[in-house]
Amino acid sequence: MALNLQRHRIQPSRGRWWVKSCKRCQRMNVPNVDYVVSSYPPSASDPALLLELKTRRPPSLVERAGCETWSVDFSPDGAWFAWSMGHGIVWVVAWPLDSEESQNGETDRGDKSFSCGHPVWGLAFGPRPPKSNATACPTKTRSKGKNSLLLATGLENGVIKIWNVLTGSAVFDLHGHEGVVRDLVFPQNGTLTLISSSRDKTLRIWDLAHKGKKVQVLYGHKDWISSCCVSSDCSMIASVGRFDRMVCLWSLRSYTFIRNLTGGAHKTVYLLSSCDFSPDGAILATAAFSGSSWWIDLWDPYTAEKLATLADYFEDYGQNQISAIQFSPNGLHLTLVTDDRALRIWELGEKGMVMETKRDRDSNGLCCKYHPQGGVVATGTRDGHVRFWRAPSAVPSLCHLCRSILRHSISTHQIEALPLPKRILEYLTYKNIPERLKSCCSSDEEEWES
C-alpha cells in the first residue's frame, strides 16, 4: 500500500514539539509517516544534543528494512534541511526548526515531503554557489527564484530524481545507473553539474541544464563505491570503494582518472566508508574500518602523500564501524560518526577530541552534515531519526585563515617551489600534523602517540 504524506504544522508543548497526524490520511485509512521534533535543554544527559527528529510510522513498518536515514543535507544558504526518513520518503523543512516563526502554530513554514517510490540512499541540494557567495547569504533570507533551489535524490533502483524545493514538484529523472545511487554532490561553483556514485562501480557527471542528457561516465572502481566528494576549486573528484579499497582521484575538468592513493597491495582486510575534502582542498580525508579498529587517513591529493592517520582500537571485535566523516566549514575540525558514539569532533593534529557524545553502542549513526555557517551538525540513524548537535565554536587563527585562502588556489607543488623557511612550508602543506595518532577506546582514558 502506498504511503500518503501531507505537510503538517508543528505545534509546541512544554518544550517538546510534535507533528499532528493528517486527518485526511486517517479518513482514507492510508498508512501515514510523519515526524516528531523534540528539543532538549542544556541540562539533558548529553548537553551537545539540541534537537531530534523522530520518525513516526504505523506498527506494520516499525523495525523493518528500508527505514534508514542514509543521507541528510542543508541547503547552501542554510535555510532548508532535508533528510531521507526511510520508505522512499524525503522531508524538507525550514531551518531553524525552533525559530520564532516555527513556534507560531498558524504559520505555514513551507515544509514539504517528497515520495520517491524507492528507498533514498543519497540526496543533495544544488546548485551551490562559490564559497565567497555562499558564506555571504544570511540564513533567514530564502531565494524566490523559480528554479533557484533543487534537491537531487538517489534511489535504490539507480534512478536520480530532481525536485524543485520551492514548488515541491518533480522536475525530471536521471537514468543510467544500474545499482544503488549511494552518494550525490553538487560542486561549489554555481553550475547545474551533479556528480553521482553508485554500487554499479561507476561515477556519473550530469549536466542538469540539459536535463541530464549530457553525461560523463567514470570507470575504474572494481566494486561498490561508498562515497564521493569534490574539491573546493572544483578541479578534482575523490571516490572510495567499499570492498575494492581504492581511493580514486578524478579530474573534473577532463573527466579522466588521475591516481589511486592506496596503491595495489593490501595486507589487511578492511572496508572504506567515507571521504571528504578540506574546505581549502589541500587535504583529502578517508575513513576505513576492520574487525577491531577504525582509522582516518589524511592525504595530500596533489602529491598522493599520506600526511597523518588517526586510529582507534577496540577490545570487542566487530563493534567499530565508522560510517561518515566531514570537515567543518572553517576547516578546523573533522566530524566522525562511529558505532560506539553518535558523534565525535576532532581538531586536526590535536591530542584528543574537542567534543564527543557519550558512549552508546545503539547510536546507529549513518551520516553527518554541518550547517553551512557551522555551529550545528546533523546526524542520521538506522531507525530513520535525525539528531542535531551543538558543534564547538572556534575562532580560526590568522595563520589558519591565510593558509586556507592560499591553499584554495595554489597546489602543493607550487607551495614547495616558493623560497620559504622549512617551518612555514610544513605548515602550509599540513606536514606539521603528527603522522600517527592513536586513541584507545577500551578504557575511558585516551592514549595518543605520535
Side-chain angles (χ1 to χ4, degrees), residues 64-73 82-90 114-124 126 150-163 170-187 193-208 211-230 237-250 252 255-257 260 262 269-276 286-289 321-324 366-367 380 382 384:
R64 290 182 57 184
C67 68
E68 301 88 354
T69 294
W70 290 109
S71 185
V72 298
D73 197 17
W83 86 98
S84 57
M85 63 187 304
H87 308 293
I89 304 302
V90 173
F114 301 139
S115 181
C116 299
H118 293 269
V120 178
W121 286 71
L123 56 83
L150 300 176
L151 179 69
T153 56
L155 310 185
E156 190 173 67
N157 64 348
V159 175
I160 301 173
K161 285 185 173 291
I162 308 297
W163 305 85
V171 182
F172 51 81
D173 294 348
L174 302 176
H175 297 270
H177 280 302
E178 298 178 354
V180 173
V181 179
R182 190 61 189 89
D183 205 1
L184 296 168
V185 60
F186 283 90
T193 301
L194 175 67
I195 296 98
S196 61
S197 61
S198 171
R199 287 185 176 178
D200 66 4
K201 312 174 188 178
T202 69
L203 295 99
R204 291 176 181 260
I205 304 172
W206 312 82
D207 184 0
L208 302 189
K211 297 184 178 181
K213 294 180 180 179
K214 293 184 178 181
V215 59
Q216 299 287 337
V217 184
L218 304 181
Y219 299 95
H221 278 281
K222 301 175 182 178
D223 217 310
W224 293 358
I225 302 177
S226 298
S227 176
C228 66
C229 56
V230 179
I237 304 172
S239 60
V240 294
R242 188 170 184 85
F243 298 109
D244 63 14
R245 301 183 290 278
M246 296 176 66
V247 179
C248 296
L249 291 178
W250 315 81
L252 188 51
Y255 310 119
T256 55
F257 175 80
N260 173 23
T262 57
V269 177
Y270 63 91
L271 304 178
L272 283 165
S273 58
S274 185
C275 63
D276 193 32
T286 61
F289 62 95
Q321 180 169 333
I322 180 170
S323 301
L366 289 177
C367 57
R382 291 187 181 277

If you round to the nearest 0.5 Å, how far is [atom2] of [Y] from [atom1] of [X]?
X    : Y    : atom1 : atom2 : answer
E156 : R182 : CD    : CZ    : 11.0 Å
L203 : S196 : CG    : OG    : 7.0 Å
E178 : S198 : CD    : OG    : 8.5 Å
N260 : C248 : CG    : SG    : 5.0 Å

Would you say the side-chain atoms of [X] pair up with the backbone N or O of [Y], donor to acceptor, closer than 3.5 Å?
X    : Y    : answer
S115 : I89  : no
R245 : T262 : no
D183 : S227 : no
T286 : C275 : no

Of the non-hydrogen atoms in [X] and [Y], which two are nearest, and what is the gap between them?
X    : Y    : value
I225 : T202 : CD1-O, 3.5 Å
S197 : C228 : OG-SG, 3.7 Å
L366 : A324 : O-CB, 3.8 Å
F243 : L271 : CD2-CD2, 3.5 Å
H177 : I160 : CD2-CD1, 4.2 Å
F172 : L208 : CZ-O, 3.8 Å

Going through the checks in order, is the side chain to side chain donor-acceptor pair (under 3.5 Å) test met by W121 and S84? CA-CA 7 Å; W121 286 71; S84 57; over 6 Å; no
Student check: side-chain heavy atoms of [X] and [Y] closer than 4.5 Å:
X    : Y    : value
I162 : D173 : no
V230 : I195 : yes
H175 : V159 : yes
F114 : L151 : yes
D207 : V215 : no

Side chain to side chain contact (heavy atoms under 4.5 Å, CB included) for V181 and N157? Distances and angles first, verdict last. CA-CA 8 Å; V181 179; N157 64 348; over 6 Å; no
Does NZ or CZ of R199 come closer than 6.0 Å to the centre of the six-membered ring of W224, within 45° of the ring's axis?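 Checked: cation-pi criterion met.
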Apply the test side chain to side chain donor-acceptor pair (under 3.5 Å) to residues W163 and T153: give CA-CA distance (whole Å), side-chain angles for both, the deciding distance (0.1 Å), then the verdict. CA-CA 8 Å; W163 305 85; T153 56; 3.2 Å; yes
Check side-chain hydrogen bond (donor to acceptor under 3.5 Å, both in side chains) between S71 and all other residues, then give those that pass, not counting sequence neighbours.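 S71 satisfies side-chain hydrogen bond (donor to acceptor under 3.5 Å, both in side chains) with no other residue.
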What residues form a side-chain hydrogen bond (donor to acceptor under 3.5 Å, both in side chains) with S239, not counting sequence neighbours?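 Partners of S239 under the side-chain hydrogen bond (donor to acceptor under 3.5 Å, both in side chains) test: H221, W250.
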